[in-house]
Amino acid sequence: MQLISGVHTKQLKVIPDERGRLMEILRRDDEIFDGFGQVYMTTTLPGVVKAWHLHKKQTDNVCCVFGMIRLGLFDDREDSPTRGVVNEFFMGMHRPLLVQIPPLVYHGWKCVSLEEALIVNTVTEPYDYKDPDEFRRDAHDPAIPLDWARKDG
Ligand SMILES: Cc1cn([C@H]2C[C@H](O)[C@@H](COP(=O)(O)OP(=O)(O)O[C@H]3O[C@H](C)C(=O)[C@H](O)[C@H]3O)O2)c(=O)[nH]c1=O
């Protein structure tokens with residue numbers, strides 16, 4: 001898969017023991033660390049698609065810590081060497097992964113687990129209640145070449 005320009009991933013490591021498990025997500029000494037604005041959690045119910053979202057200033061660092069999601073990215077930046085490219089990641093409890101999404105890259109996800117997916121997003125800007133850095137397109141916009149329907153085989 002050709003990674004969209006500016007997108008980075010970090011393979012995470014789960015450390016289980018008899019009490020439970022621990023997983024680091026993002027450290028300020030990570031190569032990909034790009035500043036801290038806030039960290040929040042958001043959840044998605046089974047089968048629900050949250051897309052397409054875009055930020056003009058903010059970089060997202062998305063990690064699914066419970067359940068599983070299908071994360072989709074779409075590069076529609078005019079000056080990007082990867083304009084038109086779509087990336088997909090199946091991530092969560094069965095694939096612990098952090099995906100860094102730069103500004104101006106459309107993104108969203110579908111919960112593909114039977115349980116509600118729990119996502120931790122560490123972002124580079126604090127949320128501005130008066131003027132949120134949130135821009136959206138319809139989840140099923142045919143101009144974006146990613147179909148959220150399940151592909152049976
Ligand atoms: C991000 C944020 C939101 N809110 C409020 C605004 C709304 O009243 C409510 C739900 O927010 P939103 O519709 O943005 O939530 P999601 O649809 O889960 O959005 C998230 O999921 C998708 C896929 C993304 O890519 C977004 O960047 C991410 O924010 O929480 C706050 O009060 N503080 C915050 O930091």
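Order of appearance sets the numbers: ligands from 1, and atoms from 1 within every ligand.
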Between [X] and ligand 1, is there a nitrogen or oxygen pair with a distance under 3.5 Å?
| X | answer |
| --- | --- |
| N121 | no |
| Q38 | yes |
| K50 | yes |

Non-hydrogen protein atom less than 4.0 angstrom from [atom]:
| atom | value |
| --- | --- |
| atom 31 (C) of ligand 1 | yes |
| atom 10 (C) of ligand 1 | no |
| atom 17 (O) of ligand 1 | yes |
| atom 1 (C) of ligand 1 | yes |

Q) Can a cation-pi geometry be assigned to R137 and Y106, taking NZ or CZ under 6.0 Å from the six-membered ring centre and within 45° of the ring axis? A) yes

Is the shortest side-chain N to carboxylate O distance from [X] to [Y] below 4.0 Å?
| X | Y | value |
| --- | --- | --- |
| K130 | D128 | no |
| R150 | D152 | yes |
| R77 | D79 | no |

Q: Check the pair T59 / I101 against side chain to side chain contact (heavy atoms under 4.5 Å, CB included), numbers first and verdict last.
A: CA-CA 6 Å; T59 294; I101 308 163; 5.9 Å; no

Using a 4.0 Å cutoff against the non-hydrogen atoms of [X], which atoms of ligand 1 qualify?
| X | value |
| --- | --- |
| T42 | 18 (O) |
| D60 | 27 (O) |
| Y129 | 32 (O) |
| H55 | 27 (O) |

Q.
I'd like to know whether CZ of R95 has more than 12 heavy-atom contacts from other residues, nucleotides or ligands below 6.0 angstrom.
A. no

Q | Heavy-atom nearest option to atom 14 (O) of ligand 1, drawn from R136, H107, H53 | A | R136

Q: Show your working on salt bridge (Lys or Arg N to Asp or Glu O under 4.0 Å) between E24 and K13 and close with a plain yes or no.
A: CA-CA 7 Å; E24 292 185 359; K13 188 177 79 172; over 6 Å; no

Q) Do K57 and T124 have a side chain donor and acceptor closer than 3.5 Å? A) no

(Q) Please tell me whether Q100 and N61 have a donor and an acceptor in their side chains that are separated by less than 3.5 angstrom. (A) yes

(Q) With a heavy-atom distance limit of 4.0 Å, tell me whether T44 approaches ligand 1 through its side chain, its backbone, both, or neither. (A) neither

(Q) Return the closest protein heavy atom for atom 34 (C) of ligand 1 as residue, atom name and distance. (A) Y127 CG, 3.3 Å

Q. Any idea which protein heavy atom is nearest atom 29 (O) of ligand 1, and the distance to it?
A. Y40 OH, 2.8 Å

Q) Does ligand 1 have any atom sitting under 4.0 Å from a heavy atom of E125? A) no

**Q.** Step-by-step ring pair (Phe, Tyr, Trp, His ring centres under 6.0 Å) determination, W148 to W109
**A.** CA-CA 9 Å; W148 292 108; W109 57 72; 9.4 Å; no

